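Encoded as C-alpha cells, the structure appears first; notes follow it.
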Amino acid sequence: MSNGTATLRSPATVEKYSNYIEEMIEQNTFALPMLPQVASQAISMTHDPNANLEDLSNLIHKDQVLAGHVLRIANSAAFCTGDPVVSLNQALARLGMSIMGEIAISASLKKGIFNVPGFEDVIHELWAHALASGMFGKEIARSKRYNVEGQYLCSLLHAIGKPVVLQMVLKVRERIQDDIAKGDVVALIERFHIRVGRKIAAKWKLPQTVGFVIEYYPQYAAAKQFKNETMMTCLSDEMASWLLQTIHISDESLKKHPIFMALNYYPDEVEALIAKKEPFLETVKSMSI
Amino acid sequence: MSENLNYDIVVIGSGPGGTKAAVQGAKEGRRVAMIEQEREVGGACVYHGTIPSKTLREAALQVVSLKRGSSVFEVKMTEHAEISTLMLRLEEVLSAQRKFIQMHLGDNAIDHFHGRAKLVGPNAVQIYGVDGSQKVLHAEYIVIATGSRPRQPPDVPIDHEHILDSDSILSTIYVPRSLTVVGGGVIATEYASIFALLGTQVTMIDRAPRPLMFLDPELTEQYTAAFESYGGTYLGNQEITSMRWDGASQVVTELASGEVIESDKMLFALGRVANVEGLGLAAVGVEQGKRGHVLVDKNYRSNIPSIYAVGDVIGAPALASCSMEQGRRAVCHALGIDLGYPFEIVPIGIYGVPEMASVGLSEEQAREQYGSIVIGRADFREIARGQIVGVRGGMLKLIADGEGKRLLGAHIIGESACDLIHVAEMALINGNEVTVFTENIFNFPTFGEAYRVAALNLINKVKQKKRVRQSSIC
C-alpha cells in the first residue's frame, strides 16, 4: 500500500504526532501486540511437521468467534465448490490443513491485530492489502520456482507494523486530544510501519526472512540477503495496491514498475500475473469478510 | 524495430559451458556476445544447483560435526531450524561467483545481453529483452548453452509447496520432519543424504535396485549404509502408481507393491529437461533427440555447421565440469584451433554424504574389457588422517589389469573423494602404472595416502597370485 506521497492536510499535527510516536518507538513505551495464539500456532503448524489436522481443528474450536469466521470464509465463493460447509471438521477435510492454516492465520490476525475501532475503513484497507499481498506472494513464488509457503508469510506479514502504528496514533490522540485527519494517519502509518514491523517480527519470533523483508521490501536493491524474497515481497505489495486500487495504478503504469525487470519478468509473464486479477479479487473479498 | 549487431561468436546461456565458450572465443581475439535470459550470469549451476546444494551440504556436515563434539559441548539443533540459517553463507558465495563471472566477461571484452534468445537463421539470433526491446545479433558461429531445468511430468503435481523440485526445495523455510525423495540419481542421492543428516526422516524411492546405478556397487553399498545410519530408507525396485498431496497434511505416495508412503514434503528429482523452448531450433533446422536435446557430433557441432551446442542442453553427462570443457572445445573446433588432449576420461563427483567419486572403468567394465583384473582397496579408517578426523567409513578402490600394472579405474567414497579422484585421473591420462602410487611420496597424514595403501594392497594381491601359481607349478 503506497501512500507515502499523499499530501498532508495538517503538517504541524502530523509532526506533533510523529514526535510522540518517535519517542514511543525509541523508548519502547508502546505495547507490542502479542501474536494471536491461533496465528502463532497455525504458523508453526503449517511449517511444523509435528502438527496435524486434529491439532488445528482443536485450536480453532477453542475460539468460537474465530471458528465462525473460518466457516464463513470456507463457505465463501472463493472456497466453497459444492454443498455448504457446516462444521469445522468438514471445512478442514475439504480445504486441507494448508489453506485452513492460512485462513486461521488470517482470521486470527484480523481479530487480534487488524481491529482498531474508529478506523474501520483504514483497517479494512490494510487488511485486504495484506491478504492480496499474501496471495500474490504465493503466485509469484510459484512462477519463480520458489517455495510458496515462506513467501506467503513474507508477503502477508510485510506490513504488519501498519495496524500497530494505527493503534499508536490512537494512543497519541487520546493523550494530546488533538484530532487528526485520516489522510494524515495514513501518512504516519507509512512513516513508521517498517520500524514497528521489525520489532513485531522479533517479538513474534517470525522466520528471519520475514523480519528481513519487512525492513527491505521498499528498497530491495539494498538487501544484502534474501534478495529474491525481498523483491517478491515488493512485487506482491505493488500488485496488491494495483488489485485493490488503494491508490490509482493503471495496468500500463503497473507494467512499467521496475520490480518486474528486477525479478526478470518478461512481458508475457507480467500479463499472466495480471490475468489473476478477477479470481484474486474474489478471494480477497471472501477472506476479508 | 530491431537493432542489428555483428559478432564472430554468439553464445546463448551463461552457465559453465557458455562462459567457457565465450571466454575461449574472446581469448582468440574474436568479437563475442553472450545472451542470458536470467538477470544474473552464471546459470542454474550457480543459482539453483551445484552451488546452493553444496552450501547446504556443508552446513549439514557442520551440524554433524558439532553433534559429534557433543560429548564435550552441549549441542542441540534448535527445533524448527530454518534452512536459511543453515545457508547464511549462500548469498556471500553467490555474490562472489557472480562477481567472478562478470569480471571474467568484462576482462575479455565479452558483450553481455539480457533477454530471451531465438534463432532466426543459421547465423542470426533475435533477442527479446525483459523490457520488451528487440535486437538481432549476427555471428559466424552460435553456441547454444542454455542448460536444463528439473523435469516436471504432467502427472506429477509439483506445486513448490508440498511437492517440490530441486529448485524449490532450497527455499523451504523449515527442515521438514519427513521427506520422500523420488529418484535415485545424483540430485536425489545428494539431497536425500543431506536432509537425512539434518534429522529428516527420508524415504528414497526408485525403480533401480540401488541408487546411482552407474557407480561402482561397493560405493553405493557404503552410501546406502551411511544413509540408513542417518535414519534414511532406500526403497529400490519400486514403481510409483500415484503421488499426491492429500489436501491436508501429507504427501501420499502409492507404490505398485501396495505400500503407501506418507511424508510432509516430497522432492521429485527424476531427471532434467533441456532448455530448448523458444530457441526456434526447428525453424532453423537444428536436429533434436527424443528428449529435446540438441544433437551434436564429437566436436559439439549440430547438423547446422555454424551452430554448436554444449552442456546439459546436449544431454549426458550433464556435469558442470564437462560443460566447461565442451564449451572450450566447441569454440576451438569452430575456429580451427588444436583441441589438445583427447577428451575421454571424465571424473564424476557426487556430493552426497558421504562424498563419492569415480574415474575410468568400473569393475564390471574392466572385467568385460580385460577379463582378468586386480583390485586394491584402502579403508579410510586405516589411514592416519582418517583416524585423526574420526571417519566412520570411506574407501579408495583401484582397478588394474590382470598383471596389476596398468591402472584402469579408481572409485572413492568418503571425505574429500571429489578432490582425491583427480590424482587417479592424472595417472590415467598419463598412462601410469599402479607403482606410481608406491614409488612416490604423499603428504602424511593425508587421505591421499590411501592411494599408496590401495596400490600396495593391489600389488600384494598380484604377488600372492604369483606365489600361488608358482607353488601349484612346483
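Note that the structure is predicted; figures quoted are calculated from it, not measured. Convention: sequence-line order gives letters A, B, ...; per-chain numbering from 1.
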Point to revise | Stepwise side-chain contact (heavy atoms from CB on, under 4.5 Å) check, A:Asn264 with B:His114 | key: CA-CA 9 Å; A:Asn264 208 46; B:His114 178 196; 2.4 Å; yes
Q) Do NZ/NE/NH1/NH2 and the carboxylate oxygens of B:Arg116 and A:Asp268 come within less than 4.0 Å? A) yes
Taking every heavy atom of A:Tyr266 against every heavy atom of B:Tyr128, the minimum-distance pair comes out as CE2-O, 3.4 Å
Max heavy-atom pairs within cutoff under 4.5 Å with chain B, candidates A:Lys255, A:Met261, A:Lys256, goes to A:Met261
Evaluate A:Glu149 against B:His160 for side-chain contact (heavy atoms from CB on, under 4.5 Å), listing each step before the verdict.
CA-CA 8 Å; A:Glu149 284 170 304; B:His160 304 294; over 6 Å; no
If one checks every heavy atom of B:Glu40 against chain A at 4.5 Å, the contacting part turns out to be neither
When the 4.5 angstrom heavy-atom criterion is applied to A:Gln151 and chain B, the contacting part is neither
* Asked: Around atom NZ of A:Lys276, are there more than 12 heavy atoms of other residues, nucleotides or ligands at under 6.0 Å?
  -> no
OG (B:Ser95) and CD (A:Gln225) are apart, to the nearest 0.5 Å, by 12.0 Å
**Asked** Is the closest side-chain heavy-atom distance between B:Ser168 and A:Arg142 below 4.5 Å?
**Response** no
>> Are more than 12 heavy atoms, taken from residues, nucleotides or ligands other than A:Lys277, located less than 6.0 Å from that residue's NZ atom?
In response: yes
_Taking NZ in A:Lys144 as the centre, count heavy atoms belonging to other residues, nucleotides or ligands within less than 6.0 Å. Is the count above 12?_
yes
Query raised in the report: Taking the side chain as C-beta and beyond, is there a heavy-atom pair between B:Leu164 and A:Asn147 under 4.5 Å?
Result: yes
Okay, A:Ala141 and chain B: the region with an atom under 4.5 Å from a heavy atom over there is neither
Contact check, side chains of B:Glu161 and A:Tyr152, non-hydrogen atoms, under 4.5 Å = no
Tightest non-hydrogen contact, residues B:Arg39 and A:Leu263, listed as NH1-CA, 3.9 Å
Turns out that what part of A:Lys224 lies under 4.5 Å from chain B's heavy atoms comes down to backbone
Scanning both residues in full, the closest heavy-atom pair of B:Gly129 with A:Pro267 reads O-CD, 4.3 Å
